[in-house]
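Quick notes on the structure that follows.
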Amino acid sequence: MEPLPAAVTAILLDIEGTTTPITFVKDILFPYIQDNVEEYLQKHWHEEECQDDVRQLKLQAEKDSGQKGFVPIPSNTEAELQVIKGVAANVLWQMSLDRKTTALKQLQGHMWRSAYASGKVKGEVYDDVVPALKKWKGAGMKLYIFSSGSVEAQKLLFGYSIEGDLLELFHGHFDTTVGSKVESDSYRRIADKIGCSTENILFLTDIIKEAEAAREAGVHVAIAVRPGNAALTDEEKSEYHLITSFDQLPLQSTH
Ligand SMILES: CSCCC(=O)C(=O)COP(=O)(O)O
Ligand SMILES: [Mg+2]
């Protein structure tokens with residue numbers, strides 16, 4: 001890759017497939033939710049946070065009701081255990097489609113809290129990630145995360161990572177409350193919130209639809225090619241800067 005354009009002052013990072021192996025999300029984080037969601041809901045059902053998560057899931061279910069295979073959430077007139085089982089079934093249905101709804105991600109973030117805090121789970125990052133983040137930050141870059149995982153889930157992953165607490169490396173975190181990762185406006189909103197132009201941002205992701213949305217907004221993009229990531233077509237390979245490791249992202253001397 002050519003040196004980063006001098007205009008770039010902020011690096012925005014995707015997590016799954018970019019900083020972190022997809023297998024960590026698919027084989028560790030998601031099964032934890034699938035195995036524990038019903039028990040979690042039973043344990044926390046009467047807490048305000050859990051009730052808010054359920055409210056958000058019900059609002060999402062209203063939007064999803066026309067979808068093929070949709071799993072409805074029973075109304076509160078049903079027995080409590082029936083509602084809990086229905087919420088759990090809806091969560092499992094959303095996860096079977098790898099939905100990125102804010103409601104699902106909010107509940108997941110709350111559920112992972114105890115998995116990380118107890119030491120059962122540690123956030124994985126590729127070996128090249130921490131040295132590169134430290135170098136970029138040392139060179140004056142501002143580092144941000146943009147993931148479909150909730151901000152709380154992001155902070156857990158990096159706060160309880162295999163390399164220790166990495167949170168001080170980041171200036172900020174964005175999730176789908178700013179908009180979907182496949183919509184250009186989300187990247188414009190992020191630039192506004194950071195207080196810079198979209199041209200000042202470099203976005204690293206593994207997903208072409210996210211790359212297209214970011215590029216349409218004027219954000220610079222590089223694609224992370226990691227083991228297990230979705231294959232790219234020859235056309236996609238030729239259209240984007242590809243990196244297999246963060247140390248392939250050279251800074252100009254001005255940075
Ligand atoms: C950071 S939480 C775990 C990842 C997750 O739930 C997810 O949906 C990954 O989304 P990303 O946008 O980081 O690919
Ligand atoms: Mg990703």
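In each ligand, atom 1 is the first atom listed, and ligand 1 is the first ligand listed.
At the top of the distance list for atom 12 (O) of ligand 1, counting protein heavy atoms only, stands Lys181 NZ, 2.5 Å. The nearest heavy-atom contact from the protein to atom 5 (C) of ligand 1 is Lys105 NZ, 3.7 Å. Of the protein's heavy atoms, Glu16 OE1, 3.0 Å lies nearest to atom 9 (C) of ligand 1.
For the residue pair Gln60 and Thr101, no side-chain donor N or O sits within less than 3.5 Å of a side-chain acceptor on the partner. A donor-acceptor pair shorter than 3.5 Å cannot be found between the side chains of Thr102 and Thr177.
Atoms of ligand 1 found under 4.0 Å from any heavy atom of Ala153, numbered from 1 in the order shown, are 2 (S). When each atom of ligand 1 is checked for a heavy atom of Ser148 under 4.0 Å away, the hits are 8 (O), 10 (O), 11 (P), 12 (O).
Note that CD1 of Ile145 is 5.5 Å distant from OG1 of Thr19, once rounded to the nearest 0.5 Å.
By the criterion of a heavy-atom distance under 4.0 Å, the side chain of Phe30, and not its backbone, is placed next to ligand 1. Under 4.0 Å from ligand 1, the heavy atoms of Leu29 that appear belong solely to its side chain.
Closest approach between the Mg ion (ligand 2) and any N/O/S atom of Asp206 involves OD1.
For the pair Arg189 and Phe174, the cation-pi criterion (under 6.0 Å, within 45° of the ring axis) is not fulfilled.
Proximity of the aromatic rings of Tyr126 and Phe246 is defined here by a centroid distance below 6.0 angstrom, and this criterion is not met.
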Side-chain donor-acceptor pairs under 3.5 Å in residues 72-80, sequence neighbours left out?
residue: Ser75; atom: OG; partner: Thr77; partner atom: N; Å: 3.3
residue: Ser75; atom: OG; partner: Thr77; partner atom: OG1; Å: 2.7
residue: Asn76; atom: OD1; partner: Lys58; partner atom: NZ; Å: 2.7
residue: Glu80; atom: OE1; partner: His46; partner atom: NE2; Å: 3.3
residue: Glu80; atom: OE2; partner: His46; partner atom: NE2; Å: 3.4

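For the pair O of Glu16 and OD2 of Asp14, the angle whose vertex sits at the Mg ion (ligand 2) is 80° to 10 degrees.
Asp52 and Arg55 are joined by a salt bridge, as a carboxylate oxygen and a charged side-chain nitrogen come within less than 4.0 angstrom of each other.
For a threshold of 3.5 Å applied to N or O pairs, the pair formed by Lys100 and ligand 1 contains at least one separation below that value. For ligand 1, the polar-atom distance check against Ser147 finds a nitrogen or oxygen pair separated by under 3.5 Å. When only interatomic distances are considered, the shortest N/O to N/O separation between Glu210 and ligand 1 does not fall below 3.5 Å.
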Quick one: do Lys85 and Gln82 satisfy side-chain hydrogen bond (donor to acceptor under 3.5 Å, both in side chains)? Show the steps, please.
CA-CA 5 Å; Lys85 283 185 183 295; Gln82 285 315 108; over 6 Å; no

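Checking Ile15, Ile145, Asp14 against atom 11 (P) of ligand 1, the nearest heavy atom belongs to Asp14.
Sequence neighbours left out, the pairs with a member in residues 127-146 that pass side-chain hydrogen bond (donor to acceptor under 3.5 Å, both in side chains) are Asp128-Arg226.
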